[in-house]
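Below, all heavy atoms of this structure are taken into account, side chains as well, without hydrogens, waters or symmetry copies.
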Amino acid sequence: MPLINMPLNMPLNMPLNTPIWNKLTLKGYGRELGIIIKIYIEESKYGGNGDSFDFKLAIFYNICGHANILYKAKAKAFPTMLKGLALDFFYLNNTINKLSF
């Protein structure tokens, strides 16, 4: 686990749930999402053309389990399981209304 500014005198046997670890560890789900991207192969993604959504969703849940994706991060990981027209549909219907730049 990457750390920021780890003190040199910190005991090695310190429990991971102490306040100092919470300050030192990086926040977010970038590492886990990166693992999902590496694990996924094109044949496992849902494209809509004759694919079984339930089957591809089961693959997604399995991969999330292997990558230790928390429930909160699954929404960010969801587009990873899509390809082609399904991915286009997702972005057209979920992001166009939320653009604010």
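Note on F60: it clusters hydrophobically with Y91, by side-chain heavy-atom contacts below 4.5 Å among ILVMFWY residues. Taken together through direct or relayed side-chain contacts under 4.5 Å among Ile, Leu, Val, Met, Phe, Trp and Tyr, F53 and F89 form parts of separate hydrophobic clusters. In this structure, F78 is a member of the same hydrophobic cluster as I35, with clusters built from ILVMFWY side-chain heavy atoms closer than 4.5 Å. Both I36 and L70 sit in one connected hydrophobic cluster of ILVMFWY residues. Membership requires side-chain heavy atoms under 4.5 Å apart, directly or through other members.
The OH atom of Y71 sits 12.0 Å away from the SG atom of C64 when rounded to the nearest 0.5 Å. To the nearest 0.5 Å, atoms CD1 (I39) and CD1 (I59) are separated by 12.5 Å. One distance of note links CD of E43 with NZ of K83; it measures 7.0 Å at 0.5 Å rounding. With rounding to the nearest 0.5 angstrom, the CG atom of L87 is 11.0 Å from the CE atom of M81.
In this structure the side chain of I69 reaches within 4.5 angstrom of the side chain of L33, judged on heavy atoms.
Residue pairs meeting the side chain to side chain donor-acceptor pair (under 3.5 Å) criterion with at least one member in residues 44-65, sequence neighbours excluded: N62-H66.
Summarising the geometry of G48 relative to A86, their closest heavy-atom pair is N-CB, 4.5 Å, with the distance given to 0.1 Å. The shortest non-hydrogen separation linking A75 to P79 is O-CD, 3.7 Å.
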